[in-house]
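Below is one structure, written out as structure tokens; comments come after it.
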Amino acid sequence: VTTWACSIHEIVCHRIAVVAADCRFRLASERWIPRSARILGMQPIPLQAQTAPPIAVRRKAVGVAWCAIIIATVFAGRHANATDTTTPQVRITTDRGAFVIELDRERAPLTVENFLAYVRAGHYSNTLFPRVIANFVIQGGGVKPDYTAKPAHKPIANESGHGLRNLRGTVGLARAMAPHTGDAQFYVNIVDNAELDPLANRWGYAVFGRVVEGMEVVDRISNVPTGTNAALSQDAPLVPVIIEKAELVEPVAASPTSN
């Protein structure tokens, strides 16, 4: 019953979030942004503006967005209360050391649940950080040691409009050119990367957590020698950086106090 309920919850939240995200973004920019607008790699390209829709359409979109936000919040809240805390932690163990990510379920509920689903399934075990760029980001979680893609679930809606910024040590959801294409791969910001944040006329990259322990390990990985290999034309570590496992960090129980 629990598995069935969680599946229904994920499907409903995914559909609701897509509608809400599109409506909020279009209304905030006062432009009708085409779904085909793209952002390549991790270098945002400004979207092409088009004629604004009639006022009736915008008002209808406002109503749909607010309803979607309310419903998604209720579902996310109930699911969070039934399972983990609002700030669960995940330890990423690599062959260069380990670091701990604190997730922000309150600000990025869909992205956090998506990430936790991959963690619980053991998806990140024996994957790589195939993209390492000093003074920018390290990216991993979706490529096997032979540089083939590891199968992932369906992409989720882009939650980059939640107010969390791409600052040093924050963790975001990597994606392809289109805004709603993030699935399993994540990245850690080595420096403040304001160019990855959303603007009124541009989708950003959704931050969903921050490194709270082991940032020195992240920095160490970001400085490994990189170049080309048979699979990648640039930014590939010359010696592969392997994610050995990702696991939930169990909260420490409070010590009983004596009267």
Side-chain angles (χ1 to χ4, degrees), residues 1-21 68-69 71-94 98-131 138-144 148-162 164 170-176 178-188 205-212 242-251:
V1 174
T2 301
T3 302
W4 176 82
C6 288
S7 298
I8 294 298
H9 165 263
E10 290 175 359
I11 293 172
V12 172
C13 281
H14 177 264
R15 297 302 180 189
I16 288 172
V18 170
V19 174
I69 292 168
I71 295 173
T73 301
V74 171
F75 268 95
R78 288 179 179 175
H79 187 60
N81 292 336
T83 54
D84 304 317
T85 67
T86 56
T87 56
Q89 294 186 347
V90 171
R91 178 179 290 107
I92 306 294
T93 302
T94 78
F99 59 94
V100 176
I101 303 170
E102 183 177 85
L103 309 177
D104 193 334
R105 178 182 267 130
E106 182 177 354
R107 302 290 288 276
L110 184 65
T111 312
V112 167
E113 291 307 322
N114 176 74
F115 182 69
L116 288 176
Y118 284 110
V119 170
R120 294 186 182 107
H123 174 90
Y124 296 115
S125 297
N126 200 32
T127 59
L128 300 178
F129 276 107
R131 188 183 191 197
I138 63 172
Q139 178 181 325
V143 178
K144 294 185 287 187
T148 59
K150 195 165 186 176
H153 301 307
K154 291 182 179 180
I156 64 171
N158 190 323
E159 287 188 305
S160 62
H162 52 29
L164 296 178
T170 56
V171 181
L173 186 66
R175 59 176 172 82
H180 305 297
T181 53
D183 47 46
Q185 291 198 52
F186 62 94
Y187 64 90
V188 183
Y205 290 79
V207 170
F208 62 93
R210 63 190 180 96
V211 175
V212 294
I242 300 174
I243 298 176
E244 297 175 347
K245 61 181 178 179
E247 56 190 339
L248 273 166
V249 178
E250 295 297 331

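This one's a predicted model, so the numbers in the text were calculated from it and none came from an experiment.
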Problem set entry | Steps toward side chain to side chain contact (heavy atoms under 4.5 Å, CB included) verdict (Ile92, Val188) | CA-CA 12 Å; Ile92 306 294; Val188 183; over 6 Å; no

In Å, rounded to the nearest 0.5 Å, how long is the span from [atom1] of [X] to [atom2] of [Y]?
X      : Y      : atom1 : atom2 : answer
Gln89  : Ile101 : CD    : CD1   : 10.0 Å
Phe129 : Phe186 : CZ    : CZ    : 4.0 Å
Arg210 : Leu103 : CZ    : CG    : 11.0 Å

For this session: List the steps, then state whether side chain to side chain contact (heavy atoms under 4.5 Å, CB included) holds for His162 with Phe208.
Result: CA-CA 9 Å; His162 52 29; Phe208 62 93; 5.6 Å; no

Going by the rule side-chain contact (heavy atoms from CB on, under 4.5 Å), which residues pair with [X] if we only count those two or more places apart in sequence or in a different chain?
X      : answer
Ala149 : none
Ala121 : none
Thr127 : Tyr124, Lys150, Ile243
Thr87  : Thr85, Glu102

Problem set entry | Chi angles and distances behind the side chain to side chain contact (heavy atoms under 4.5 Å, CB included) call for Leu164, Thr170 | CA-CA 9 Å; Leu164 296 178; Thr170 56; over 6 Å; no

For this session: Just jot down the side chain to side chain donor-acceptor pair (under 3.5 Å) partners of Thr93, sequence neighbours excluded, or say none.
Result: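 Not a single residue meets the side chain to side chain donor-acceptor pair (under 3.5 Å) criterion with Thr93.
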
For this session: With sequence neighbours excluded, tell me which residues meet side chain to side chain donor-acceptor pair (under 3.5 Å) with Thr94.
Result: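 Scan of Thr94 (side chain to side chain donor-acceptor pair (under 3.5 Å), adjacent residues dropped) gives none.
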
Exercise. Under 3.5 Å, side chain of Tyr118 to main-chain N/O of His153, donor-acceptor pair present?
Worked result: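 Flag set: sc Tyr118 to bb His153 pair under 3.5 Å.
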
Exercise. Under 3.5 Å, is there a donor-acceptor pair between the side chain of Asn114 and the main chain of Asp183?
Worked result: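 Side chain of Asn114 to backbone of Asp183: a pair is present.
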
Exercise. Under the side chain to side chain contact (heavy atoms under 4.5 Å, CB included) criterion, do Arg175 and Gln185 qualify, and how do the steps go?
Worked result: CA-CA 7 Å; Arg175 59 176 172 82; Gln185 291 198 52; over 6 Å; no

